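Since the structure comes first, as structure tokens, the remarks are kept for the end.
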Amino acid sequence: MAGKITLVEGDITKLAVDAIVNAANPSLLGGGGVDGAIHRAAGPGLLAECKTLGGCPTGEARITAGHRLPARCVIHTVGPVWRGGGRGEPGLLASCYRRCFRLAREHGIRTVAFPAISTGVYGFPKDQAAAIAIREIQRALAENVGIIEVLLVCFNPETKKAYEAALAGTGE
Ligand code: AR6
């Protein structure tokens, strides 16, 4: 495999990687959860840049500079709100990861950190989200998109357990 997956605990805003991923909403103008933390740490320049983007549909992604963050870039993606699983949520979540990797390749990003997209306020079950994340990340690494390391940030113990189970299921 061309790149590796690493689980890390803690706050994504502290990571000095090429890009951190933000679990945003379609306005791209900030919110709670990891989105709020990223905007607070990045400072007002990030909001100003986001205002120029005109929002982002669910399942897509947009890229900005990192402003005051240690990360060079922020990839903002909009995960689906969980509505029981029958409204295309799994496909939309997979699309978030694919769009993030597409942007990463276009921008020469070699190290990228993801939060557990959609598993907070948006209510996506953590185990299902972790399985989708691992599958899409392994696919991107196998396609050799230029990434050398994907960090999966575990903000709570349940998220870490879900990733560990998903990785065990794939023989990683
Ligand atoms: N570092 C890493 N992970 C974090 C951090 C952090 N600093 N803070 C929270 N998490 P959420 P969503 C984890 O709710 O479900 C916002 O208001 C959190 O524990 O941030 O995609 C947006 O504007 C969880 O595991 O994102 C949208 O309106 C994961 O990040 C909405 O929330 C995602 O939780 C998006 O909801």
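All values reported here derive from a predicted model rather than from experimental measurement. Numbers for residues simply follow the sequence, beginning at 1.
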Pair Phe114 + Phe101: ring centers closer than 6.0 Å: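 Yes, close enough.
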Provide the closest heavy-atom pair for [X] versus [Y] in the form atom of the first, atom of the second, distance.
X: Tyr122; Y: Gly79; value: CE2-O, 3.3 Å
X: Gly84; Y: Glu89; value: N-OE2, 3.5 Å
X: His67; Y: Gly45; value: CE1-O, 3.2 Å
X: Ala94; Y: Arg135; value: CB-NH2, 3.7 Å
X: Gly108; Y: Arg72; value: O-NH2, 3.8 Å
X: Ala130; Y: Tyr163; value: CB-CD2, 3.8 Å

Presence of salt bridge, Arg139 and Glu136, under 4.0 angstrom: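 Looking at Arg139 together with Glu136, the answer is yes, because their closest N to O distance falls below 4.0 Å.
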Main-chain N/O of Gly30 paired to Asn25 side chain as donor or acceptor, under 3.5 Å: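 Between the backbone of Gly30 and the side chain of Asn25 there is a qualifying donor-acceptor contact (under 3.5 Å).
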So, does Ser118 use its side chain to make a donor-acceptor pair with the main chain of Pro80 at under 3.5 Å?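 Pair found, side chain donor or acceptor close to backbone of Pro80.
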Shared hydrophobic cluster, [X] / [Y] (ILVMFWY, side-chain heavy atoms < 4.5 Å):
X: Val74; Y: Leu103; result: no
X: Ile132; Y: Phe155; result: no
X: Trp82; Y: Leu93; result: yes
X: Val153; Y: Leu69; result: yes
X: Leu46; Y: Ile12; result: yes

Residue list, side chain to side chain donor-acceptor pair (under 3.5 Å) with [X], at least two apart or on another chain:
X: Lys126; answer: none
X: His39; answer: none
X: Arg99; answer: none

What I'd like to find out is whether the side chain of [X] reaches to under 4.5 Å of the side chain of [Y], using heavy atoms alone.
X: Arg110; Y: Glu149; result: no
X: Thr77; Y: Ile117; result: yes
X: Leu152; Y: Thr159; result: no
X: Asp18; Y: Ile147; result: no
X: Leu141; Y: Val150; result: yes
X: Ile148; Y: Lys4; result: no
X: Val112; Y: Cys100; result: no

Step by step, work out the side chain to side chain contact (heavy atoms under 4.5 Å, CB included) result for Ile109 and Ile63. CA-CA 11 Å; Ile109 286 160; Ile63 192 165; 3.9 Å; yes
How long is the gap from [atom1] on [X] to [atom2] on [Y], to the nearest 0.5 Å?
X: Asp35; Y: Asn22; atom1: CG; atom2: CG; result: 4.0 Å
X: Tyr97; Y: Ile134; atom1: OH; atom2: CD1; result: 8.5 Å
X: His76; Y: Thr64; atom1: NE2; atom2: OG1; result: 3.0 Å
X: Asp127; Y: Lys161; atom1: CG; atom2: NZ; result: 12.0 Å
X: Leu28; Y: Glu49; atom1: CG; atom2: CD; result: 10.5 Å

Test salt bridge (charged side-chain N to carboxylate O under 4.0 Å, His left out) applied to Glu9 and Lys160, step by step: CA-CA 8 Å; Glu9 292 175 46; Lys160 190 170 185 210; 2.9 Å; yes
Apply the test side chain to side chain contact (heavy atoms under 4.5 Å, CB included) to residues Thr119 and Glu158: give CA-CA distance (whole Å), side-chain angles for both, the deciding distance (0.1 Å), then the verdict. CA-CA 10 Å; Thr119 68; Glu158 295 77 26; over 6 Å; no
Assess whether side chain to side chain contact (heavy atoms under 4.5 Å, CB included) is satisfied between Lys51 and Leu29, documenting all intermediate values. CA-CA 7 Å; Lys51 281 183 180 164; Leu29 300 180; 3.7 Å; yes
CA sep, side-chain torsions, deciding dist, call: Ile20, Ile75, side chain to side chain contact (heavy atoms under 4.5 Å, CB included): CA-CA 6 Å; Ile20 63 170; Ile75 298 175; over 6 Å; no
Is it true that the side chains of Ser95 and Glu60 contain a donor and an acceptor less than 3.5 Å apart?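 The answer is no; no qualifying pair exists.
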